[in-house]
Each structure stands twice: as structure tokens, then as C-alpha cells.
4 protein chains.
Amino acid sequence: MSVNESAFSVAPPAKAGARSKKKDKASPDKRERILRAAIKVFARKGFYATRVSEIAKAAGVADGTIYLYFKNKDDVLIRIFEDRLTKLLEFLRKETLAIEGVEARLRRIIELQLGLLEGQRDLAEVITVNLRQSSRLLKQYAAPLFNEYLEFIASIFSEGQREGIIRKDVHPRTLSRALWGALDGIALT
Amino acid sequence: MSVNESAFSVAPPAKAGARSKKKDKASPDKRERILRAAIKVFARKGFYATRVSEIAKAAGVADGTIYLYFKNKDDVLIRIFEDRLTKLLEFLRKETLAIEGVEARLRRIIELQLGLLEGQRDLAEVITVNLRQSSRLLKQYAAPLFNEYLEFIASIFSEGQREGIIRKDVHPRTLSRALWGALDGIALT
Amino acid sequence: MSVNESAFSVAPPAKAGARSKKKDKASPDKRERILRAAIKVFARKGFYATRVSEIAKAAGVADGTIYLYFKNKDDVLIRIFEDRLTKLLEFLRKETLAIEGVEARLRRIIELQLGLLEGQRDLAEVITVNLRQSSRLLKQYAAPLFNEYLEFIASIFSEGQREGIIRKDVHPRTLSRALWGALDGIALT
Amino acid sequence: MSVNESAFSVAPPAKAGARSKKKDKASPDKRERILRAAIKVFARKGFYATRVSEIAKAAGVADGTIYLYFKNKDDVLIRIFEDRLTKLLEFLRKETLAIEGVEARLRRIIELQLGLLEGQRDLAEVITVNLRQSSRLLKQYAAPLFNEYLEFIASIFSEGQREGIIRKDVHPRTLSRALWGALDGIALT
DNA sequence: CATGAATGAGTTTTCATTCAT
DNA sequence: GATGAATGAAAACTCATTCAT
């Protein structure tokens with residue numbers, strides 16, 4: 001399973017029987033289209049510099065439509081974190097835990113991570129950049145998720161320390177932060 | 001010489017004999033006060049979420065005063081990069097080149113870097129965060145300076161590769177990005 | 001055809017079959033309402049002394065609405081010139097060229113002009129006053145149109161000179177300027 | 001006596017005995033310098049578009065100095081009208097009344113007027129343009145003076161009508177307005 | 001559901017005026 | 001008197017959000 005066709009690369013779920021009912025006027029995944037458009041635009045211009053109208057245009061919907069699916073502009077960013085980060089985390093867990101041995105696991109994480117950061121540059125950009133300078137509100141929602149992510153990687157380092165294959169004088173949490181930072185730095189190229 | 005009393009921790013230059021001679025116009029350090037206030041506020045809330053009036057209040061000046069020293073809000077951020085990053089780079093160069101051996105140098109850089117990122121958390125925050133999602137204009141000014149910084153670290157890795165103490169299958173530039181990312185990630189705590 | 005129901009006294013074009021077909025978007029005459037309000041207020045207070053909010057209030061729209069139809073305050077003035085002066089010129093041409101003989105034509109011009117300046121005092125005021133002391137930008141747009149207007153009158157004087165019924169020792173262009181000035185001076189009452 | 005060295009082309013009054021007292025620090029005619037500078041800048045950019053600091057720079061004084069001689073920016077314009085228009089009127093009266101015959105007088109007025117408008121383009125510009133679109137306050141001061149000026153010319157037309165050499169079906173006041181307008185229009189070239 | 005024109009609160013920025021030196 | 005840095009009230013303009021169609 002490649003990273004780029006991974007679970008968090010959400011694709012509209014196959015649209016079962018073509019045009020289910022009659023009208024089906026509500027294009028089936030307008031919400032999804034908006035999220036994707038938002039990721040793209042947020043990545044390019046940052047949250048604050050992005051106009052709601054730009055998201056709308058990129059998604060091919062009217063400005064007002066955004067407010068049918070999201071409470072407000074902040075909410076769009078929050079949902080990006082929630083939807084995507086959750087899926088990313090699940091995916092990482094599944095992929096990693098299937099592997100035996102701390103070193104192999106870390107290699108797999110790095111591999112996935114770099115693959116992710118390459119294939120989903122936009123998403124990574126949104127996560128890293130916007131995590132920091134956004135409103136209190138956002139931080140409340142997003143930070144816990146990101147923390148969970150770091151915690152997961154830390155847990156692997158922790159295991160490595162117990163097994164004695166990783167130096168013990170650095171806190172696993174610090175290691176996980178350093179790893180994320182390094183990978184993110186690399187991917188920025 | 002500690003990082004936190006370093007060259008880039010700009011202090012109004014002692015004003016030799018108080019009220020030197022005649023003119024002494026343009027309140028010598030008001031500009032500096034504004035820059036410092038801006039760094040502090042930008043770090044906390046990010047560039048876009050920061051109101052010019054907040055910078056003014058933090059600096060203890062009137063809103064309009066900002067515009068006596070800076071062209072506009074963008075310009076304030078640009079000058080932060082210009083003033084500070086330049087000084088930081090000079091400082092790093094001086095400190096590092098005085099040291100013999102690639103490994104020792106890298107240790108010193110990490111040491112300084114972590115010291116900086118701790119002692120000047122605000123500045124580091126502004127540099128890292130705002131470098132990414134800001135206006136074209138800013139990127140034009142800031143990115144080159146940041147690149148110079150990465151280039152400097154890359155040059156040390158490069159030397160290490162020639163000396164055979166650093167693996168040669170990764171580009172020095174990638175290494176420098178990874179190092180910055182890791183250190184930044186750590187400091188974020 | 002009276003001057004005051006003339007072509008340049010723009011009225012929303014009757015909107016043929018009410019609510020024509022489908023779209024009918026962009027409130028058809030809001031732009032027009034704003035232009036009219038602006039002419040009125042500019043005439044009374046001058047361009048610079050007029051607040052955008054005053055135009056908005058006079059037009060019965062919100063401040064921001066102005067910016068849906070015009071780039072900025074300058075643009076409002078520019079469009080007044082463009083829309084109105086162009087129509088005025090067309091009107092004058094049509095009315096005048098239908099008449100035989102230089103003297104009769106000039107009489108008709110004076111008649112129309114005074115009618116205009118009376119019936120559309122506001123517009124005349126805006127044209128004359130604001131043509132002079134405004135920004136480079138405006139002059140670029142407005143002056144050529146005003147010149148075209150003067151040129152048209154000059155062409156009639158020119159014809160009169162060829163026919164020998166107007167003294168030849170004054171340049172037609174000077175005559176047209178003098179005529180405009182005199183009529184404007186009179187109308188100022 | 002040429003128009004351009006006329007009474008209303010105020011020159012600092014010869015500075016009697018060089019450097020009267022001792023210090024004489026107050027440059028003798030700073031007020032006059034400011035007025036002249038203001039006329040020049042107002043003519044070029046109009047009252048509203050002119051910054052107080054621009055007048056100051058043109059006059060070679062500090063911004064604050066202006067407020068030692070004038071109550072505020074409005075006051076500067078008011079004094080221009082008062083000082084200059086008064087002098088202009090006196091001058092016109094003296095010059096004209098020395099001449100015999102209505103036609104000769106009018107010729108002289110036109111001559112002077114065109115000379116003035118040429119030699120003192122700036123002043124004429126300020127008078128004509130700014131008379132119209134400025135604040136209530138200004139109009140209160142300036143209009144009466146301008147009216148007096150028109151009244152004077154009207155009186156000559158009036159005399160001409162009594163003498164039967166000027167058509168009687170137009171009000172003298174209208175004639176004077178037309179004359180001013182025509183001359184102003186010509187001079188605008 | 002979808003639209004997008006309209007709104008107006010909230011920001012940036014300007015500049016006349018003041019006042020400590 | 002003269003200065004010009006500092007002030008802050010006032011204006012232009014932006015853009016998230018609403019709501020009639």
C-alpha cells in the first residue's frame with residue numbers, strides 16, 4: 001500500500017450506483033471538495049492570507065455554500081486537522097505495528113513520512129505551518145491531535161530505549177519532535 | 001560569550017556620553033523598541049493575527065509612530081528578518097570558525113542553536129513560522145537570508161564529508177535542513 | 001428633446017420585460033445609484049471632502065457595496081467622467097450636427113450647455129472643479145475626454161473662421177476654452 | 001506698472017536697515033514665505049491633496065512653524081484669499097479708474113487679468129479651483145472677497161449699459177461672471 | 001440545497017496638530 | 001521663536017458572514 005493512495009488521501013467513496021436516486025442534485029461530496037480545495041489554498045497562502053472566496057472558487061462552489069458545511073473559516077481548518085490527522089494516525093499505526101522490531105518500524109515511519117510529505121506536501125504544509133500561529137481556538141482542537149501523533153512516535157523510541165538500542169539520555173518525546181522536525185525540514189525542499 | 005547576550009540580542013548601543021552633541025534627533029531606540037515588541041507579539045499570535053495597534057501598545061508608542069519607522073506592517077516583519085537574521089548569521093560564523101574540527105563545530109552550532117531557540121524563542125518562532133506562509137514580498141526578503149543560514153551549516157557538513165566523518169550519500173543541504181528542523185522541533189517544547 | 005431628459009441623464013434602461021430571464025444578477029442599477037449619489041455629493045463638497053460613507057449613505061447602500069462596483073474612491077470619480085462625459089459629448093454632437101450654419105450651431109451649443117449646466121448643475125460642478133486639482137491618475141482619464149469636448153467646439157469655431165464669420169486672429173481652441181469658461185462662469189450663479 | 005511686479009505680488013518690504021536690531025533671529029518674513037510656498041503647492045495639487053508638511057518643506061521651515069503664523073491649514077488658504085485678493089482688487093481699482101471710457105477700462109482689465117493669470121498662474125489657480133470645493137468655513141471668508149471682485153467688474157459693465165455701449169438684456173453680474181470665466185478658461189492653457 | 005450580492009465591523013494607514021526640547 | 005517627533009482621531013478599504021432569491 002503506497003502512501004499516496006493511503007487512507008488519508010480521501011477519495012469520494014466510489015459513488016456506488018451511478019446517480020443513486022433521481023435528482024441527486026447535492027453533488028455527493030461537496031464537503032470533501034471544499035476540504036481539498038482548502039488544503040491546497042491554505043498550503044499555498046496560509047490560513048490568514050486565504051480568503052473564503054478563494055476556497056470557494058477553488059472548490060467550484062459559491063461562497064455561501066461553504067457555510068452550509070462548515071461553521072466558519074476557522075472550522076474549515078479545524079476539520080482539516082480532525083479529518084486528515086486522524087486518518088493519518090490510524091494509517092501510521094496500522095502500517096507500523098504490523099512490523100517487527102524498533103529499528104524497522106522507525107525506518108518504515110520515516111519512509112511513510114517522507115512519502116507522505118512528498119505526496120501530500122499541501123497537507124503537511126498546512127499541518128506544520130498553521131499549527132503554530134493560529135488562533136487559540138484552533139490550537140485547542142489541533143494541538144491534541146498533533147500531540148497524539150508525536151506521542152505515538154515517542155512510544156516507539158521509548159520501546160527502543162527499553163531494548164537498549166536507543167540512547168537513554170534523551171527524552172523519547174524530544175526525539176519524536178526532532179524526528180518530525182528533521183523530516184519536515186527535509187521535505188520542505 | 002553566552003548566546004543570550006550575543007550580538008543579535010540588540011541593545012541600544014550604550015549611548016556613549018549621554019545626549020551626545022547637538023542633534024540627537026530621531027529617538028535613538030524607538031525603532032528598536034518597536035522591533036522587539038513586534039517580535040514578541042508576532043511570536044505569540046502570528047503575523048496576520050497581530051494588529052498594528054497591539055505592536056504599538058506593546059512598544060509603548062502610539063499607532064502612528066510605527067509608521068514613522070516602518071513603511072507598513074509588512075515592512076516591520078521584513079526588518080525583523082533583515083536586522084536579526086543578519087546578526088545571527090554573523091554571530092554563528094564568528095563563534096563557529098574559531099573552533100577546530102568539524103564535529104566540535106557542529107556541537108557548538110547545536111549548542112548555540114538550542115541556546116538561541118531557548119533564549120530567543122520569540123525570534124526563532126517568528127523566523128520559522130512566518131517564513132512560510134507569508135506574502136510574496138516577504139519571501140523575497142526573508143528566504144535568501146534563511147538560505148544563507150542553511151548554506152553555512154551545509155558547508156560544515158560538506159567539510160565533514162570530505163574528511164570522511166560524515167556519510168556521503170546525503171546532500172549537505174539536506175542535512176542542514178534536517179538539523180534545523182530537528183533543533184527547531186526540539187525547541188518547540 | 002430637452003437637455004434634462006437627454007441621453008447623458010442616464011436612467012436605468014427600462015428593464016424591458018421585468019426580471020428578464022434567469023440570471024439578472026448584479027443588481028442592475030445599483031452602480032447607477034452610486035454614481036448619481038456620488039455626483040451629488042462630490043458637487044456639494046468636492047472630491048476630497050467627500051467621505052466614501054457619505055456616498056454610500058446618499059446612495060442608500062452599505063459602505064462596502066461601493067467597492068463591489070468601483071475599485072476605490074478615485075475610481076468612482078473616474079467613472080463619472082467616463083460615463084457622463086462620453087454621453088454628453090455624443091449628445092452634443094448629435095444635436096449640433098443636425099443643425100445648419102455655424103452661428104445656429106453655436107447658439108444651440110450655448111443653449112444646451114446652459115441647459116445642461118442648469119439642469120445638471122451637479123455634474124457640471126464635478127466636471128469643472130474636480131478636473132483641476134485631482135490626482136495624476138484622474139487627470140490621465142478625465143483630461144482627454146474634456147479635451148475632446150473642447151476640440152469639438154473648436155471645430156465649429158474653425159469652420160466659422162473659414163466661412164469668414166468669426167475673426168481669425170484667435171485660435172479656435174482658445175475660443176472654445178473661453179466659451180466653456182464663460183458659460184461655466186454664468187452657470188455658477 | 002507691469003502686472004507681475006504689481007502690488008499683489010508681495011515682496012518682502014525691502015528690509016529697511018539691514019538686520020535692524022541684534023539677533024533678529026526671526027527671519028523677517030517667514031509668514032510671507034509660507035504664504036508663497038502654499039500658493040505654489042495648492043496650485044499644483046489642490047488644497048486637500050496638499051500636506052502641511054509639503055508647504056513647510058517648500059517654505060523651508062519646520063512643520064510646526066506654520067502654526068506659529070497660521071491657526072491651521074484652513075487658515076493658510078483663507079489668508080491667501082484675504083491678502084492676495086484684497087491687494088489684487090485694490091490694484092485693479094487703481095489701474096482701471098485712472099482710465100477714461102468704459103471700453104478702454106474693460107480692455108485694461110482684460111489685459112491685466114490675462115497678465116495676472118499668466119504671471120501669477122498659481123494664484124489664479126488657487127482662487128478659482130479652491131474657491132469652489134472647499135469647506136463651509138473657507139467659503140465664508142473667500143466668497144465675499146471674490147464677489148467684491150466680480151462686483152467691481154460688474155459696475156463697469158453697468159456703466160457701459162447706461163452709456164448704451166453694452167447690450168442691456170444681460171445682467172451686469174452675469175457679464176462679469178462670463179468675463180472671469182472666459183479669461184480663466186483661456187489662461188488655463 | 002445553492003447562490004452570490006450585500007453588509008458593516010474591524011483593520012490599516014494617513015496626516016493635521018501639539019509640545020517638549 | 002523654531003523644531004520635528006509623536007500623537008491619535010478619522011478615513012479608506014477588506015472580507016467573513018448572512019440571507020433573499
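Lettering follows sequence order; numbering is per chain, from 1.
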> In whole Å, what is the span from the NZ atom of B/Lys73 to the P atom of E/dG10?
Replying inline: 16 Å

> Any side-chain N or O of C/Tyr67 less than 4.0 Å from the OP1 or OP2 oxygen of F/dT14?
Replying inline: no

>> So, OP1 or OP2 of F/dA10: does either fall under 4.0 Å of a side-chain N or O from C/Arg51?
In response: no

>> From CD of C/Glu54 over to P of F/dC13, roughly how many Å is that when rounded to an integer?
In response: 14 Å

>> Between A/Arg79 and A/Glu32, does any NZ, NE, NH1 or NH2 come within less than 4.0 Å of an OD or OE carboxylate oxygen?
In response: no

>> side chain to side chain contact (heavy atoms under 4.5 Å, CB included), that's the test. Do A/Phe42 and A/Ile55 meet it? Break it down for me.
In response: CA-CA 9 Å; A/Phe42 283 162; A/Ile55 301 175; 3.8 Å; yes

> Does C/Tyr69 make a side-chain N or O approach to OP1 or OP2 of E/dA6 shorter than 4.0 Å?
Replying inline: yes

>> From NZ of A/Lys45 over to C1' of F/dC15, roughly how many Å is that when rounded to an integer?
In response: 13 Å

> Under 4.5 Å between any side-chain heavy atoms of D/Val126 and D/Leu77, yes or no?
Replying inline: yes

>> Within the 4.5 Å heavy-atom criterion, are D/Leu35 and D/Tyr69 side-chain neighbours or not?
In response: no

> 5'-most contact on DNA chain F: D/Asp63 or C/Gly64, nearest heavy atom basis?
Replying inline: D/Asp63

> Of all the choices, E/dT13, E/dT17, E/dT7, which nucleotide is nearest to the side chain of C/Val61 once you look at every atom?
Replying inline: E/dT7

> DNA chain F in dot-bracket, Watson-Crick or G-U pairs under 3.5 Å, [ ] crossing, | other strand?
Replying inline: .||||||||||||||||||||

> Between B/Ile80 and B/Ala38, which heavy-atom pair has the shortest distance, and what is it?
Replying inline: CD1-CB, 4.0 Å

> Within the pair A/Thr65 and E/dT3, is there a side-chain N or O less than 4.0 Å away from OP1 or OP2?
Replying inline: yes

> Has the side chain of C/Lys73 got a donor or acceptor atom that lies under 3.5 Å from a matching backbone atom of C/Phe47?
Replying inline: yes

> Of the nucleotides E/dG4, F/dG8, E/dT13, which one has an atom closest to the side chain of B/Val52?
Replying inline: E/dT13

> Nearest-Å distance, CG (B/Asp75) to C1' (E/dT12)?
Replying inline: 14 Å

>> In this structure, how many angstroms lie between the C1' atom of F/dA10 and the OH atom of D/Tyr48, rounded?
In response: 14 Å

> In whole Å, what is the span from the CZ atom of B/Arg31 to the P atom of F/dA5?
Replying inline: 15 Å

> When rounded to the nearest Å, what value does the distance between C1' atoms of F/dT21 and E/dC1 take?
Replying inline: 13 Å

> Would you say a side-chain N or O of B/Lys30 is under 4.0 Å from OP1 or OP2 of F/dA6?
Replying inline: yes

> F/dC15 C1' sits how many Å from A/Ile55 CD1, rounded?
Replying inline: 12 Å

>> Between B/Lys45 (side chain only) and B/Arg51 (backbone N and O only), is there a donor and an acceptor less than 3.5 Å apart?
In response: no

> Once you round it to whole Å, what is the distance between C1' of E/dT7 and CD1 of C/Ile66?
Replying inline: 12 Å

>> I want to confirm an ordering. Mapping B/Gly60 and C/Leu68 to their closest nucleotides on DNA chain F, which one lands closer to the 5' end?
In response: B/Gly60

> How about D/Lys40: does its NZ atom have over 12 heavy atoms from other parts shown lying under 6.0 Å from it?
Replying inline: no

